[in-house]
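Step one of this worksheet: look at the structure below.
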Amino acid sequence: MESVKVIIVGGGAAGLAAAKTLGSNVDYLLIEAQNYIGGRIRTIDAVPNVTVDLGAQFIHGETNNLLYEICKSLDCILPVTDIKSNEILAITSDRTIVDPEIIRQVLIVWEELLDEARSIFGDTTIPKNYPLSDYLLEHLKQRLLSAIPSLDNLVDAFCDFFNKGELIENGCFKLSDLSLAEYGSYEYLNGLYEIEFKNGGYRPFISYMKSFIPDDNRIRLNSEVIRVKYLKENHQLLVNIRHHDRTSEQQQQISAILCDHIIWTSSLGYLKENFSSIFVDEIELIEQKQDAINNLGFDVINKVIMIYEKSFWPENVGDIILLQAQKQKSIEFSNSLKNLLKTEKIDIQLINTIIEAIHRYVVLPSTNIPILICWFGGPAAVLLEDLSEYIIGQICHEVLCYYLNISFKLNPLIRVLKSEWYKNKFIRGSYSYYSIKSSTKDGEQLRATYAPDGIPRIQFAGEATSARAYSTVHGALESGIRESNILLSIMNK
């Protein structure tokens with residue numbers, strides 16, 4: 001039977017960081033269930049010479065951020081001076097453009113309120129099941145009206161916009177799931193919060209990390225770990241692997257490998273669905289982690305990427321936000337889109353849910369090709385995965401044209417791309433958050449090692465195991481380094 005010293009499960013940022021830290025002298029094997037390296041980092045070619053990131057898209061912060069340092073050395077970060085389109089265009093559902101000064105004031109109030117919410121972290125008088133949604137409901141509208149009395153007729157629309165944005169920021173299905181008590185546990189690093197990449201996105205970073213794996217024989221793609229059992233008699237782990245490089249399940253081969261240690265880096269979403277079956281033989285491990293896996297939050301956000309031949313929005317605008325009135329007039333789609341929706345038998349309620357979720361279009365600054373990214377959170381993020389790229393793209397396009405009061409026919413899309421992170425059975429979502437069922441203790445339990453014989457045999461990495469940088473690539477990167485250093489200290493004794 002094949003054997004190695006260490007198996008790294010998952011080829012995302014955490015798995016690659018683990019491999020790099022272990023180094024070529026350690027006998028390790030990186031096992032990845034998908035057909036590519038990168039995990040929730042997925043850079044693809046959108047049109048000739050232009051890439052887009054379907055998953056992670058930004059670097060969050062500069063100070064004490066290894067990811068930033070690596071990407072800076074790779075010269076793949078887009079200088080702020082190269083971002084020419086940085087104005088915000090806010091439009092109401094009656095097609096009125098909001099005064100930029102109002103937008104500036106509103107954003108200040110919003111950020112101040114979020115800072116206050118974050119400062120609650122560590123306050124033991126706040127119950128863990130108190131959600132952020134209740135805090136916002138209690139304070140946001142009142143704070144906006146107090147600071148900007150003239151906002152009266154727009155205050156509900158702004159509250160709705162901020163709530164939708166916060167779904168995406170935290171990756172949660174609804175804000176009533178998000179814990180206020182743990183909201184401030186995330187550490188914001190100094191420097192820009194959303195650092196953009198040059199054209200090429202995260203691809204240079206993944207290539208750089210993969211370059212430390214000495215040869216391709218150390219990587220097994222299309223290979224899913226389906227069962228792990230600790231063998232007491234020889235202090236090893238028996239790892240069963242299903243190989244997905246065959247079309248039918250009957251043809252899929254199952255193999256077994258022995259190893260001394262595992263560094264497990266899969267998404268929390270994957271663990272939620274598979275943890276108890278993979279480790280069915282390890283009762284103590286299940287008792288150690290199952291509650292934490294259940295309690296911590298992991299939902300989905302998705303994005304629709306709209307590529308145009310020419311831009312039709314103001315040249316200085318990099319961010320278009322839609323402010324929906326509670327009783328706005330219904331948007332009249334084109335006959336071709338209406339006929340297509342009818343032919344495909346797409347439920348009108350599904351379409352309405354998607355329309356209601358559309359609140360922001362962001363211009364991709366890394367290319368001169370006009371590209372807009374439309375972000376989706378909540379139920380719409382899941383629903384759009386069942387629509388074709390053409391249909392969801394056309395819906396987003398026609399909604400935008402309605403708000404801008406221009407003809408959708410004059411500015412056709414040339415290509416649409418969309419992410420499908422929930423449908424991906426090896427990921428099952430986007431990134432983790434602290435839910436109202438969870439606390440920092442759950443995070444500690446998730447990253448705790450499993451040492452059935454007193455020696456760490458199974459270690460857990462990935463963004464969800466990061467104490468202060470969950471949901472980020474730098475959190476995933478640091479977690480892979482953390483666990484490999486623990487393992488090296490054991491191996492070097």
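FYI, side chains are in, hydrogens and waters are out, and symmetry mates aren't considered; it's all heavy atoms of this structure.
- With sequence neighbours excluded, no residue forms a side chain to side chain donor-acceptor pair (under 3.5 Å) with Ser366.
- A salt bridge does not link Lys441 with Glu444: every distance from a Lys NZ or Arg NE/NH1/NH2 to an Asp or Glu carboxylate oxygen is 4.0 Å or more.
- Between Tyr188 and Tyr186, the distance from one ring center to the other falls under 6.0 angstrom.
- Heavy atoms from other residues, nucleotides or ligands lying under 6.0 Å from CG of Asp347 number more than 12.
- Within 6.0 Å of NZ in Lys272 there are more than 12 heavy atoms belonging to other residues, nucleotides or ligands.
- The neighbour count for Glu315 CD, taken as heavy atoms of other residues, nucleotides or ligands under 6.0 Å away, does not exceed 12.
- Counted by atom type alone, Thr51 and Asn199 present one or more donor-acceptor pairs between their side chains at under 3.5 Å.
- If you take CD on Glu166 and CH2 on Trp110, they are separated by 4.5 Å, rounding to the nearest 0.5 Å.
- The pair Asp299-Lys174 does not meet the salt-bridge criterion, since no charged nitrogen lies less than 4.0 angstrom from a carboxylate oxygen.
- More than 12 heavy atoms of other residues, nucleotides or ligands shown are found within 6.0 angstrom of OH on Tyr130.
- Listed here is the closest heavy atom pair of Ile427 and Ser267: O-OG, 2.7 Å.
- In Tyr422, the OH atom is not crowded: 12 or fewer heavy atoms of neighbouring residues, nucleotides or ligands sit closer than 6.0 Å.
- Phe460 carries Lys289 over the face of its six-membered ring, with the cationic atom under 6.0 Å from the centre and within 45° of the normal.
- Applying the side chain to side chain contact (heavy atoms under 4.5 Å, CB included) test to Ala19 and every residue at least two apart in sequence or in another chain returns Ile8, Tyr28, Leu30, Ile213.
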Item to check | Phe197/Tyr202 under ring-ring contact (aromatic ring centres under 6.0 Å, His included): CA gap, chis, key distance, verdict | outcome: CA-CA 7 Å; Phe197 283 95; Tyr202 261 106; 4.3 Å; yes
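- Looking at Gln445 and Asp291, their side chains never bring a donor and an acceptor atom within 3.5 Å of each other.
- In summary, Asp442 and Lys437 do not engage in a salt bridge, as defined by a charged side-chain N under 4.0 Å from a carboxylate O.
- Residues satisfying the side chain to side chain donor-acceptor pair (under 3.5 Å) test with Glu116, not counting sequence neighbours, are Arg143.
- At least one cation-pi condition fails for Arg428 and Phe298: the charged atom is not both under 6.0 angstrom from the six-membered ring centre and inside a 45 degree cone around its axis.
- In summary, the side chains of Ser419 and Arg42 do not present any donor paired with an acceptor at a separation below 3.5 Å, with no hydrogens or angles considered.
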Checklist entry - Going through the distances and angles, do Glu478 and Ser466 end up as a side-chain hydrogen bond (donor to acceptor under 3.5 Å, both in side chains)? => result CA-CA 8 Å; Glu478 291 165 359; Ser466 173; 4.8 Å; no
Item to check | Working for side-chain hydrogen bond (donor to acceptor under 3.5 Å, both in side chains), residues Asp160 and Gln324 | outcome: CA-CA 8 Å; Asp160 176 67; Gln324 299 180 5; 5.6 Å; no
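- Heavy-atom neighbours of Asn368 CG from other residues, nucleotides or ligands within 6.0 Å: at or below the threshold of 12.
- Using a cutoff of 4.0 Å between basic side-chain nitrogens and carboxylate oxygens, Glu332 and Lys338 are scored as salt-bridged.
- With respect to the salt-bridge test (charged N to carboxylate O, under 4.0 angstrom), the residues Asp45 and Arg203 qualify.
- When the side chain to side chain donor-acceptor pair (under 3.5 Å) test is applied to Asn163, no partner is found at least two apart in sequence or on another chain.
- Between the side chains of Asn316 and Ser85, no donor-acceptor pair is found at a separation under 3.5 Å.
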Which side-chain N or O atoms in residues 61-70 pair as donor and acceptor under 3.5 Å with protein atoms at least two apart or in another chain?
unit_1, atom_1, unit_2, atom_2, d
Glu62, OE2, Leu192, N, 3.2
Asn65, OD1, Leu67, N, 3.0
Asn65, OD1, Tyr68, N, 3.3
Asn65, ND2, His60, O, 3.2
Asn65, ND2, Gly61, O, 2.9

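- Each of Leu384, Ile392, Val382, Ile168 was evaluated against Asn302; a single residue qualifies, Leu384, per the side-chain contact (heavy atoms from CB on, under 4.5 Å) test.
- Note that OH of Tyr361 is 16.0 Å distant from CD1 of Ile371, once rounded to the nearest 0.5 Å.
- A side-chain donor-acceptor contact under 3.5 Å links Tyr270 and Glu224.
- Note on residues 136-159: pairs passing ring-ring contact (aromatic ring centres under 6.0 Å, His included), not counting sequence neighbours, are Tyr135-His139.
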